[in-house]
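One structure is given here, and the rest of the page talks about it.
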Amino acid sequence: MKVLVLNGSPKGEKSNTLNITKAFLDGFSADTEIEYITVKKETIKPCMGCFSCWSRTPGECVIKDDMQKIYEKINSADIIIESFPLYFFGMPSQMKALTDRCLPYMLPYSGNAAEDKEASFHELRDETMHEKRLLVITTCGYVSAEPMYPALTKQLDLICGNGNYTMIKCPEGELFIAEKAERQRKAYLDSITEAGREFCENRCLCDETMKKISKPILSPKGFEAITKAHWKMS
């Protein structure tokens, strides 16, 4: 099994989110082939909106840069993991550029209405893409994740279709750079590793697991105390 990790954090290898992603992958079988791409290191030009990938060169982007390499790696992967923090209630700009350049995977829009809420607004050009699994692991610096993610979730629903991807939302991401809460942090990462083991076996996570790993690591007051101390020391 091949796993492609798209590390979309502007912090690269120092990403808080990457700590969670690596803990998740620790639960995968030893024979899993894992490859990491640090998006900020790649040359990914913005989509020009020329729609050549829908007309003149169907399924192929006319821009020649590092996305050509990334297309190949996406095509060969069984599981694609997008790992990034929440930036201003959306994905970081580097990750958004990569996402925009995935338009060639979609068929042109021709006036259809999205009546099926479980379906993507665009149909996939290659139906075998449905055999892959997309997992999004994202952190935010807030005590609760749910109120912070509706914009990002809506975008992913329109692209992938509601229910066609798995999204792990991890609040209190700043705890991964704070000196305290080591015991709670370790317990949380252990739960994430167990979730990774489940995903490796079933290609999905049950509701109970999702609920468990979506809980904040600390209470709001505990998180406030630690983050205030951290920022004073920074």
Item to check | Residue pair F84, V39: steps toward the side-chain contact (heavy atoms from CB on, under 4.5 Å) verdict | outcome: CA-CA 10 Å; F84 58 83; V39 178; over 6 Å; no
Next on the checklist: For K40 and N7: C-alpha separation, side-chain torsions, deciding distance, then whether side-chain contact (heavy atoms from CB on, under 4.5 Å) applies.
Outcome noted: CA-CA 8 Å; K40 77 166 190 174; N7 174 13; over 6 Å; no
Checklist entry - Would V3 and F28 count as a side-chain contact (heavy atoms from CB on, under 4.5 Å) if you check the C-alpha gap in whole Å, the side-chain angles of each, and the deciding distance to 0.1 Å? => result CA-CA 10 Å; V3 177; F28 277 53; 3.9 Å; yes
Item to check | Criterion salt bridge (Lys or Arg N to Asp or Glu O under 4.0 Å) on E42 and K69, from CA distance to verdict | outcome: CA-CA 10 Å; E42 305 297 325; K69 171 185 68 177; 2.8 Å; yes
Item to check | Intermediate values then yes/no, side-chain contact (heavy atoms from CB on, under 4.5 Å), Y188 and I20 | outcome: CA-CA 9 Å; Y188 176 79; I20 299 170; 4.2 Å; yes
Checklist entry - Can you list the steps and then say if K22 with D26 is a salt bridge (Lys or Arg N to Asp or Glu O under 4.0 Å)? => result CA-CA 6 Å; K22 288 182 175 180; D26 283 343; over 6 Å; no
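Listed here is the closest heavy atom pair of P104 and R125: O-NE, 3.1 Å. Here the closest non-hydrogen pair linking G12 and T38 is CA-CG2, 3.8 Å. For the residue pair P92 and P85, the shortest heavy atom distance occurs at CD-O, 3.3 Å. P147 approaches S144 most closely through the heavy-atom pair CD-OG, 3.3 Å.
A donor-acceptor pair under 3.5 Å is formed between the side chain of E172 and the backbone N or O of L218. A side-chain donor-acceptor contact under 3.5 Å links D66 to the backbone of T43. Here the side chain of R101 pairs no donor or acceptor atom with the backbone of C47 at under 3.5 angstrom. Checked by atom type and distance alone, the side chain of S76 pairs as donor or acceptor with a backbone atom of K73 at under 3.5 Å. Proximity of a side-chain donor or acceptor of W54 to a complementary backbone N or O of M106 within less than 3.5 Å is detected. At distances below 3.5 Å, not a single donor-acceptor pair connects side-chain atoms of T209 with backbone N or O atoms of L205. When atom types are taken as modelled, the side chain of S191 and the backbone of I213 share no donor-acceptor pair closer than 3.5 angstrom. K2 places no side-chain N or O within 3.5 Å of a backbone atom of D78 that could act as its donor or acceptor partner. Distance alone, capped at 3.5 Å, is enough to place a donor-acceptor pair between the T99 side chain and the M95 backbone. The backbone N or O of M210 sits less than 3.5 Å from a side-chain atom of S214, completing a donor-acceptor pair.
The NZ atom of K64 sits 6.0 Å away from atom CD of E60, with the distance rounded to the nearest 0.5 Å. Rounded to the nearest 0.5 angstrom, N19 CG and K14 NZ are separated by 12.5 Å. Rounding to the nearest 0.5 angstrom, the gap separating the SG atom in C170 from the CZ atom in F24 is 10.0 Å. Put simply, CD on Q68 and CD1 on I44 are 11.0 Å apart, with the number rounded to the nearest 0.5 Å. Rounding to the nearest 0.5 Å gives a distance of 9.0 Å between CG of L25 and OG1 of T193. Put simply, CD1 on I63 and CE on M48 are 4.0 Å apart, with the number rounded to the nearest 0.5 Å.
P171 has its side chain out of reach of V143: every pair of non-hydrogen atoms, C-beta onward, lies at least 4.5 Å apart. At least one side-chain heavy atom of D100 sits under 4.5 Å from a side-chain heavy atom of K96. Here the side chains of V5 and E35 are not in contact, with every heavy-atom distance at 4.5 Å or above. Annotation: side chain of E198 is in contact with side chain of C206 (closest heavy-atom distance under 4.5 Å). Side-chain contact between L103 and C53 is present, with at least one heavy-atom pair separated by less than 4.5 Å.
Both L6 and M129 belong to a single network of hydrophobic side chains, linked directly or stepwise wherever heavy atoms of I, L, V, M, F, W or Y lie under 4.5 Å apart. F89 and Y87 sit in two unconnected hydrophobic clusters of ILVMFWY residues. Membership requires side-chain heavy atoms under 4.5 Å apart, directly or through other members. Placement of L107 and L134 in two distinct hydrophobic clusters is found when ILVMFWY residues are connected by side-chain heavy-atom separations under 4.5 Å, directly or transitively. I159 and M67 end up in the same hydrophobic cluster when Ile, Leu, Val, Met, Phe, Trp and Tyr side chains are linked at under 4.5 Å. L124 and I80 fall within a single hydrophobic cluster, where Ile, Leu, Val, Met, Phe, Trp and Tyr are joined by side-chain heavy atoms under 4.5 Å apart, directly or via other members.
Within 6.0 Å of the CD atom in E33, the count of heavy atoms belonging to other residues, nucleotides or ligands does not exceed 12. In the displayed structure, K132 atom NZ is contacted under 6.0 Å by more than 12 heavy atoms of other residues, nucleotides or ligands. Crowding of D207 atom CG: a count of heavy atoms from other residues, nucleotides or ligands under 6.0 Å not exceeding 12. A 6.0 Å sphere centred on NZ of K221 holds no more than 12 heavy atoms belonging to other residues, nucleotides or ligands.
Under 3.5 Å, the side chains of T21 and Y36 contain no donor-acceptor pair of N or O atoms. When only modelled atom types and interatomic distance are considered, S9 and T17 share no side-chain donor-acceptor pair under 3.5 Å. The closest side-chain donor-acceptor pair between S29 and D31 falls under 3.5 angstrom.
The only option from L135, V136, T138 that meets the side-chain contact (heavy atoms from CB on, under 4.5 Å) definition with I168 turns out to be L135.
Ring-plane geometry between Y105 and Y71 is classed as perpendicular, the angle between the planes exceeding 60 degrees on a 0 to 90 degree scale with a lower cut at 30.
By the 4.0 Å N-to-carboxylate-O rule, E13 lies close enough to K41 to be salt-bridged with it.
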